[in-house]
Amino acid sequence: MSDTSSFPTLKRLLLGRPIPSHLAHNERLSRVTGLAVLSSDALSSVAYATDFIVATLIVAGVDALGRAIPISLVITTLLAVVAFSYRQTIHAYPSGGGAYIVAKENLGVNAGLVAAASLLVDYTLTVSVSISAGVLAITSAAPALAPYRVELCLIFLALLTIGNLRGIRESGRIFSVPTYFFVVSILVLIAAGLYRFVTGTIAPVASVPLQLPPDAGTRPLTTMLLLTAFANGCTAMTGVEAVSNGVPAFRPPEAKNASATLVTMAGLAIVMFLGITFLMHAYRVVPTRAESGISLLARAILGDRTLLYYLVQAATTFILVLAANTAFADFPRLASLVSRDRFLPRQFMNQGDRLAFSNGILVLSSFAALLIIAFGGVTESLLPLYMIGVFVSFTLSQTGMVVHWRRDRTAGWRTSAFINGFGAVVTGVVLVVVAVTKTLEGAWIVLLLIPCIVAAFRATRLHYDRVAEQLTLRGYEPHARRHNTVLIPIGGIQRAVVEALRYAETLSDDVRAVYVDVDVAATEHVRRGWEAWGGRVQLVVLDSPFRSLLEPLLEYIEQVGAERPGDYVTVILPEFVPARWWQHLLHNQRALLIKGALLFRPNTVVTSVPFHLAK
């Protein structure tokens, strides 16, 4: 096999064989794989949401930790409301699109663009936060790996990227086992912890002593501190919208399967979040930057560094890393919808040969990698940027649904409008709380970034509108072109040049070979050879006192174009193509420079005549 096929072979090895378009329906998700692919973000958030609540409250002292349970109850109530509201969105908009489509159709284009920008930012942060939290689970069990946090994050990011480039169904198969492994592990951990609590065997837990951070008890328990703890705990609500955004990815009936998946996801998330919060309070667990709350809890319940403990840590690591897969499923799909409306480059609409939106996947991976590197893979550093985007989209989506029901007025529309209206108010209040408590911690970056992205959307749409206006055939009358001057830049006389000369003679009667004189002897050699090989082509020799090849050529092309401003100038570039890729490095790229220089000249056509070399 030749070297030229090495890249396709590597691509097939990593991504698999191409999938024909007529088999696209086979790539749909079942409820089982849909829960794994689209719910991993929401389910995984229970692994760190309680940590953030406790870490916030501990600064007011150990007694303040009791507030974690009522805060968690409020958050799970909100989660249930939002999930039920999105269930209605699924049935109202079975074509998917989530907050972007709902806001755009009911609140206007600007609202839709804000929702889209918010979600794209949130998905990117989801990847960074989830992977960094997963790596924290690894370093909690193996502290020696802590210095390699960023490297581990990037390795997991690369694996996720490859998995998603292989296609939806295959990524669902890959990610289903870890998702259900995590759910079973956490439910077993909660059941064991509750059993020990009921039987009174939880104290004392000598293997996990209470570890307080240095700032514990240094601040009073104020309303603002409670609101900050509440805002941090609302990370448990992230990912709820993913199922409504990905309805078309399900097997028929799409809306019914997506709705059932959403209900299952919400139920599991609520049970696990409340169970972990209660047990962390009962076992007096306070997470630290070096060790997560799940790790401490598993040590207390299952034994210090036992096999069961490591199984729980492995499951937590897998689900946290794979939680990023929700963003990999929804970011490319949302980008394709925005691209379809011409607010993003059209390349986002293209599906790869595995029926995945490959460009969206690669862009998401690139931005997530930049965030991981910039913030050192530390979850706490990334958290303040999180949640703003998702609650903006929550609020816009639910508000848009209220307008939808009022406009639609089908049976029971008032009840539906009330549910979505209540959801809009709730998420709007949470958005304000999150914005107020997180802005100074870094969320201002997201608040500034969202309008910048919307401006980029608008600029992209303006460009496409202008292009369409200039390309339209309405009222168009073609200009008559009467003459074509063909120019062939040459560097000597050899077989590739002669082939190009013969091709050029078929295009026009006005063909000129252009040679730049930088060496008298070489120029004389060209003149002598021209008598035998030039044919009907005129030889034009340009002086170059400063030994520049490109500048005299471009000046001559400019002069020829000025002679006949309404006609074509065709530039023929003789190029030989080496048999192996690395051999390109051994030759100059003069033709590429000429192409780049002439790209913006009107009425100028550049044509390459390749001459393929043997091995």
Side-chain angles (χ1 to χ4, degrees), residues 40 43-58 62 65 68 72 129-149 152-153 156 178-179 181-194 196-197 202-213 216 232-233 235-236 269 272-323 377-383:
S40 53
L43 295 178
S44 68
S45 61
V46 305
Y48 52 79
T50 304
D51 284 18
F52 296 146
I53 296 175
V54 173
T56 305
L57 292 175
I58 192 62
V62 176
L65 297 181
S72 299
V129 170
S130 298
I131 291 178
S132 62
V135 170
L136 175 60
I138 293 177
T139 56
S140 295
L145 295 176
Y148 306 101
R149 180 185 292 113
L152 289 171
C153 287
F156 283 123
T179 299
F181 178 34
F182 171 76
V183 171
V184 171
S185 299
I186 295 301
L187 292 179
V188 169
L189 179 67
I190 293 173
L194 290 176
R196 295 190 63 177
F197 175 77
I202 66 170
V205 184
S207 61
V208 189
L210 183 62
Q211 301 179 27
L212 298 181
N232 288 341
T235 53
M272 292 192 294
F273 180 49
L274 287 178
I276 289 173
T277 304
F278 175 77
L279 290 178
M280 286 182 65
H281 175 69
Y283 282 78
R284 295 169 58 84
V285 167
V286 178
T288 65
R289 175 168 287 206
E291 187 169 7
S292 65
I294 290 289
S295 175
L296 291 165
L297 199 59
R299 287 171 56 197
I301 296 173
L302 305 175
D304 191 14
R305 312 294 179 180
T306 62
L307 176 61
L308 290 177
Y309 162 78
Y310 283 112
L311 287 176
V312 171
Q313 285 303 99
T316 304
T317 299
F318 284 134
I319 190 63
L320 286 170
V321 172
L322 296 183
V378 178
T379 309
E380 291 181 10
S381 300
L382 288 163
L383 183 64

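Computed from heavy atoms alone, side chains included, the values below leave out hydrogens, waters and symmetry copies.
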* Do T50 and T277 have a side chain donor and acceptor closer than 3.5 Å? -> yes
* Structure fact -> Between S44 and F182, the two heavy atoms sitting closest are CA-CE2, 4.4 Å
* **Distance (rounded to the nearest 0.5 Å) between F52 CZ and S45 OG** => 10.0 Å
* Asked: Would you find more than 12 non-hydrogen atoms of other residues, nucleotides or ligands less than 6.0 Å from Y148 atom OH?
  -> no
* Asked: At their closest point, which heavy atom of L296 faces which heavy atom of V286, and how far apart are they?
  -> CD1-O, 3.4 Å
* **Residue pair I53 / S72: nearest heavy atoms and the distance that separates them** => CD1-OG, 3.9 Å
* To do: To the nearest 0.5 angstrom, please state how far the CD1 atom of I190 sits from the CD1 atom of I301.
  => 8.5 Å
* D51 and M280: side chain to side chain contact (heavy atoms under 4.5 Å, CB included), yes or no, with the steps? -> CA-CA 9 Å; D51 284 18; M280 286 182 65; 3.5 Å; yes
* Would one find more than 12 heavy atoms of other residues, nucleotides or ligands at under 6.0 Å from atom CZ of F181? -> yes
* CZ of F278 to CG of L194: how many Å apart, nearest 0.5 Å? -> 6.5 Å
* Asked: Which atom pair, heavy atoms only, marks the closest approach of G293 to P287?
  -> N-CB, 3.5 Å
* Asked: OG1/T316 to CG/L311 distance, rounded to the nearest 0.5 angstrom?
  -> 10.5 Å
* To do: Indicate the atoms forming the closest heavy-atom contact of C153 with S132, along with that distance.
  => SG-CA, 3.8 Å
* **Gap between atom CD1 of I294 and atom CG of L279 - 0.5 Å precision** => 9.0 Å
* Asked: Minimum heavy-atom separation for G193 to Y283, with atom names?
  -> O-OH, 3.5 Å
* Look at atom OH of Y309 and say whether more than 12 heavy atoms of other residues, nucleotides or ligands are closer to it than 6.0 Å. => yes
* Asked: Roughly how far apart are Q313 CD and F318 CZ, rounded to 0.5 Å?
  -> 12.0 Å
* To do: Take R284 and V62 through the test side chain to side chain contact (heavy atoms under 4.5 Å, CB included) and record every step on the way to the result.
  => CA-CA 9 Å; R284 295 169 58 84; V62 176; 4.0 Å; yes
